[in-house]
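What follows is one structure encoded as structure tokens, with my remarks underneath.
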Amino acid sequence: MSKHHVIFVGTSPNALAAAARLALAGRSVLLLGTRHSVGGPVATEVFAPGFRADTGVMSAALDPEIASALSLSLDVIRRDIVTSLGPNPVTLRTEPALPTAVLHAVGLLRALYASPPPSVPVATGSDAASLGRLTAQLTGLGAREMHEVLRLLFLPVRDFFSELGLPAAEQGLLGGVAVRGLSQGPFAPGTLFHFLHQLAIGEGLFPSTVRGGLGALSEALADKARAAGAEIRTGLPGGFKVEIADGKASGVRLADGRLLEADAVVSDHDARSTFTRLVSPIHLDPELNRTLRQVRYQGTVARIHLALRARPTFNGVDEEAYRGTLVLSPDLPYLERAWDQAKRGVVPAHPYVEVTLPTVTDPDLAPEGNHVLSAWVQYVPHGRGDREALWKSVLGHLAELAPALPGQVLHHEVLLPEDLESRFGLTEGHLFGGQVALEQSFFLRPFPGSAHYDTPIENLYLCGSSAHPAGYTGRSGWNLAGALLARK
Amino acid sequence: MQRYDAIVIGGGHNGLVHAAYLARAGKRVVVLERRHVVGGATVTEELYPGFKFLTGSYLISLLRPEVIRELELARHGLSIMPLESTYVPLPDGNYLADWPDHDLTREEIARHSPRDADAYGEYASTMRRLALAIKPLLDMTPPNPASKDPRDLAAMAQIAERLRAMAPADFQLLARLMTMSAADFLDEWFEGEALKGTKCTSGIIGTFLGPRSPGTGYVLLHHYIGEIDGVHRAWGFARGGTGALSQAIASAARAAGAEVRVNAEVAHVLVKDGVATGVVLKNGDELYADRVISNADAKTTFLRLVEPKELPDDFVSDIRRYRTTSPACKVNLALSGLPTFTSLPRGKEALLRGSIEIAPSMDYVEQAYDDAKYGGWSTRPFMDALIPSLLDPGMAPPGKHVMSLFVQYASSELAVDDGAPGRDERALRPNPQGGWTDAKKAQFLEVVIDTLSQYAPNLRDLILHKHINTPHDIEQSFGITSGHIFHGELALHQIFFLRPAAGWAQYRTPVPNLWMCGSSTHPGGCITGAPGRNAALEILRDWSRA
């Protein structure tokens with residue numbers, strides 16, 4: 001069997017984007033996946049006969065530069081309206097005005113995300129150049145704006161929004177964006193950074209999906225990669241191992257024992273998964289094990305998908321709002337209280353919930369006249385295991401505002417963090433490959449010492465949401481591909 | 001005519017340090033203190049005959065060795081006794097202790113968890129290395145990252161060089177520690193709940209955050225610097241209480257020629273043609289000086305002592321948003337005898353001579369925070385207690401005792417009875433009581449006593465007098481906005497070059513000849529004397545250039 005240049009383990013949009021870039025540059029690329037579809041948690045699946053939902057993440061947006069470079073045009077559906085549910089719903093059609101420092105901070109993050117993270121202390125010439133450019137971008141803002149931007153990095157969400165004097169409902173909505181996927185409440189320092197991160201990866205109050213569901217985004221990327229010459233094998237039995245000889249990765253050994261050789265192996269899975277399942281422990285030194293154990297995953301998101309007889313009606317909500325997101329997050333203390341319970345391993349009495357009805361804009365996801373309701377339920381601690389209790393709780397909350405809903409439910413599916421873990425191979429069910437906190441970002445992501453997507457094992461690399469930057473924009477893979485191309 | 005080189009507004013410890021340095025450099029200085037006694041929150045007050053209460057700070061832990069040495073404070077009466085131990089009583093009747101002696105402590109930790117005992121040595125040496133790495137930053141004027149001034153560039157280069165000189169693993173750990181929570185950090189080292197409970201407290205003292213909040217890792221490190229300075233006998237209890245420190249600094253200042261006036265409240269700063277020229281006292285007296293330096297907190301200084309029209313709008317809004325919401329109370333008890341702690345074994349009574357901490361686990365401290373953060377108080381507060389009379393019998397009448405309790409959390413934004421948040425952080429007015437009514441104050445004092453009584457059941461029987469300073473009281477007595485013991489949160493977004501405001505973190509203010517020297521400036525709070533000293537060095541440099 002001939003040797004590939006690069007073998008990817010995993011098929012998320014990050015791996016697919018990397019593969020496409022490498023293949024377009026003439027490299028021979030192979031991607032291996034255990035699920036029958038590509039995309040990892042960026043997937044659309046049948047969860048009830050005739051009904052499909054985005055079972056992992058609820059939104060994703062490909063980096064525009066990557067889409068353009070691949071000439072990929074997607075039928076993007078932007079959920080351009082968001083409503084805070086409650087006795088007096090508040091609907092936003094535009095973002096609240098935020099200080100220019102936010103814009104500038106997001107611009108800086110985007111610049112940082114557009115290349116491998118500069119290693120600090122500065123290790124290479126290109127690191128120095130990278131850091132130099134960033135510093136220039138920052139200082140170019142002028143003294144006051146520069147200070148404002150730096151200040152934003154450490155601020156709690158609560159402090160920032162209260163400084164702006166935004167109404168409680170808007171704070172609740174923006175706060176929800178800020179804590180999506182985070183194991184923290186909005187009172188905590190460093191949470192505004194996560195809000196900025198969301199904006200930098202195209203998520204925010206008005207996130208996007210694509211027609212056909214997010215799985216179609218992954219499929220479209222896969223098509224581009226195949227068209228460029230990459231080979232994708234899905235539905236393989238699990239249990240691959242990275243083959244290591246003389247401390248270097250030399251390929252991937254499949255479950256049936258066959259060896260697929262490659263110059264480089266890239267894991268799209270998170271660092272802990274990679275170094276517990278894909279790599280035999282004998283290849284790892286104790287220091288690395290310790291470092292890896294310290295990376296925080298803590299998935300606190302559950303997903304609930306409903307097959308509905310008809311579209312529900314929420315009290316007081318405008319008709320047009322149903323094409324967007326409906327949110328249970330009346331104010332910041334609501335979010336903080338939910339986290340208060342979750343951090344103690346208790347499922348909150350009042351979780352943070354985002355609801356979408358994708359069939360409103362994409363009716364093909366369900367049989368005619370029927371609907372899908374897909375919910376993001378947050379601050380559900382991993383391992384608490386009671387699907388029915390969570391379902392009852394969420395249904396109860398929604399039914400208070402949409403009394404006909406219980407009678408409309410044909411089928412429900414609950415995916416707790418542990419279910420997301422087993423379905424998508426996500427450590428502790430964290431949808432983004434590890435907490436996106438400052439101490440696990442940039443040169444510290446996915447773990448300290450892993451700069452430039454390298455790992456301590458030569459020829460083994462990490463791309464994926466676990467690497468820099470987190471998310472499914474394709475960036476982490478694209479950056480890695482660029483780095484690999486530059487080396488050879 | 002009352003004409004000076006420098007007028008210092010406020011006789012808190014930093015103001016006194018500042019004045020001493022200026023006087024030693026030959027400047028004519030006067031310190032104007034509102035109260036009848038100097039020291040600010042660093043006072044000893046005999047509220048009941050024979051009983052000396054530590055109504056504000058209680059321990060000296062970060063006082064700069066340079067300050068002690070250069071002002072010859074020992075000669076002026078400062079005598080610091082290192083604390084001999086920490087005692088953490090646990091609800092199950094067990095306890096945890098530690099001592100400056102590393103081996104003894106290791107043995108004690110092993111009693112709870114052999115694994116933790118093994119990790120302890122590496123933890124201590126790691127923290128020491130990291131603290132040593134950032135220690136010089138405490139004693140420097142923060143560089144302005146937006147500035148092209150050679151001094152700022154040199155300071156930034158110096159910091160960069162320091163960081164580059166660190167071992168990569170240490171540097172990465174420091175980078176993580178700066179933004180991590182104390183809880184996550186301690187979880188990486190230890191398994192024992194009691195050990196983590198006592199360790200996490202130095203990440204939250206004086207800070208309205210819980211151990212699980214990001215940013216507390218940095219505070220943990222900040223306080224650890226005090227452990228290093230301990231070898232210089234700069235950490236512990238001052239004979240006579242912390243007030244004795246203020247008296248020693250005042251004595252040093254006077255010996256150098258500074259004038260220190262009490263009962264001299266400043267009403268506002270005199271500004272003429274945009275330049276500070278002196279102050280007006282509450283009694284109408286005017287004093288003039290080339291430089292006016294405020295030891296008062298940033299909000300008091302810029303929202304009360306200076307007219308808004310003298311300040312840029314940006315700056316005023318920066319000061320308004322400077323976070324000062326405070327979680328700390330101070331309780332003092334006059335006791336007829338020593339409390340009996342049920343978990344204290346016979347033969348270990350010496351442990352009462354050290355710190356007594358009510359922090360049996362990180363979750364306990366986190367819960368205490370959670371109770372208060374929405375505008376309330378902890379049902380089971382965290383406490384850092386001391387029985388000063390065991391170290392210095394002069395603190396109480398013979399056979400009797402005083403007990404000092406630092407307590408968190410009780411919000412300066414205590415909800416008023418209608419459920420609305422308290423008055424904090426609105427426009428500064430002479431302190432309406434907001435949520436802290438007399439009834440609430442008395443109620444929380446009982447919560448504190450009840451909590452401590454769980455560990456020492458005979459406590460109530462011993463109480464002769466009890467006193468509490470709530471955040472509101474701290475504000476009223478010591479004149480610190482929101483009663484914040486550090487003049488404002490030691491939060492990452494308002495430290496170093498962002499303290500108290502962007503562009504104004506080098507002790508200067510937007511008003512020429514008006515300077516700052518208190519805890520609202522770098523390196524922030526604790527009894528360091530560093531803001532006072534750093535500001536003095538800056539002013540003297542500035543003076544010699546003029």
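All of these numbers come straight from a predicted model, not from anything done at the bench. The chains referred to below are lettered A, B, ... by the order of the sequence lines, with proteins before strands, and numbering in each begins at 1.
Evaluation of the side chain to side chain donor-acceptor pair (under 3.5 Å) rule for A:H197 yields A:Y113 as partners, not counting sequence neighbours. By the side-chain contact (heavy atoms from CB on, under 4.5 Å) test, A:A188 pairs with A:Q184, A:T191, B:P214, sequence neighbours left out. Here A:P330 pairs with A:Y334 under the side-chain contact (heavy atoms from CB on, under 4.5 Å) rule; sequence neighbours left out.
For the set B:L209, B:T216, B:D314, the entry with the most heavy-atom pairs within less than 4.5 Å of chain A is B:D314. Taking A:T139, A:L438, A:T135, A:D340 one by one and counting their heavy-atom pairs under 4.5 Å with chain B, the maximum is reached by A:D340. Heavy-atom pairs under 4.5 Å with chain A were tallied for B:L163, B:T179, B:L177; the largest tally goes to B:T179. The candidate from B:Q172, B:M178, B:Q494, B:M166 with the greatest count of non-hydrogen atom pairs under 4.5 Å with chain A is B:Q172.
Within the 4.5 angstrom heavy-atom criterion, no atom of A:E287 approaches chain B. For a residue to count as touching a neighbouring chain, one of its non-hydrogen atoms must lie under 4.5 Å from one of that chain's; by this rule B:D318 touches chain A with the side chain only. With a 4.5 Å cut-off on non-hydrogen atoms, B:Y369 touches chain A through its side chain but not through its backbone. Of the two parts of B:D363, the backbone and the side chain both hold a non-hydrogen atom closer than 4.5 Å to a non-hydrogen atom of chain A.
Using cut-offs of 30° and 60° on the angle between ring planes, the pair B:F171 and A:F443 is parallel.
Contacts between residues 291-301 of chain A and chain B, counted as heavy-atom pairs separated by less than 4.5 Å, involve A:Q294, A:R296.
The closest side-chain heavy-atom distance from B:F497 to A:L150 is below 4.5 Å.
For the pair A:R144 and B:W504, the cation-pi test (distance below 6.0 Å, angle within 45°) is failed.
Heavy atoms from other residues, nucleotides or ligands lying under 6.0 Å from CG of B:D313 number 12 at most.
The CD atom of B:E366 sits 6.0 Å away from the CZ atom of A:R344 when rounded to the nearest 0.5 Å. The distance from the CZ atom of A:F187 to the OH atom of B:Y374 is 5.5 Å, given to the nearest 0.5 Å.
A salt bridge links A:K343 to B:D370: at least one charged side-chain nitrogen sits closer than 4.0 Å to a carboxylate oxygen.
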Can you list the steps and then say if A:H147 with B:N144 is a side chain to side chain contact (heavy atoms under 4.5 Å, CB included)?
CA-CA 9 Å; A:H147 278 120; B:N144 182 345; 3.3 Å; yes
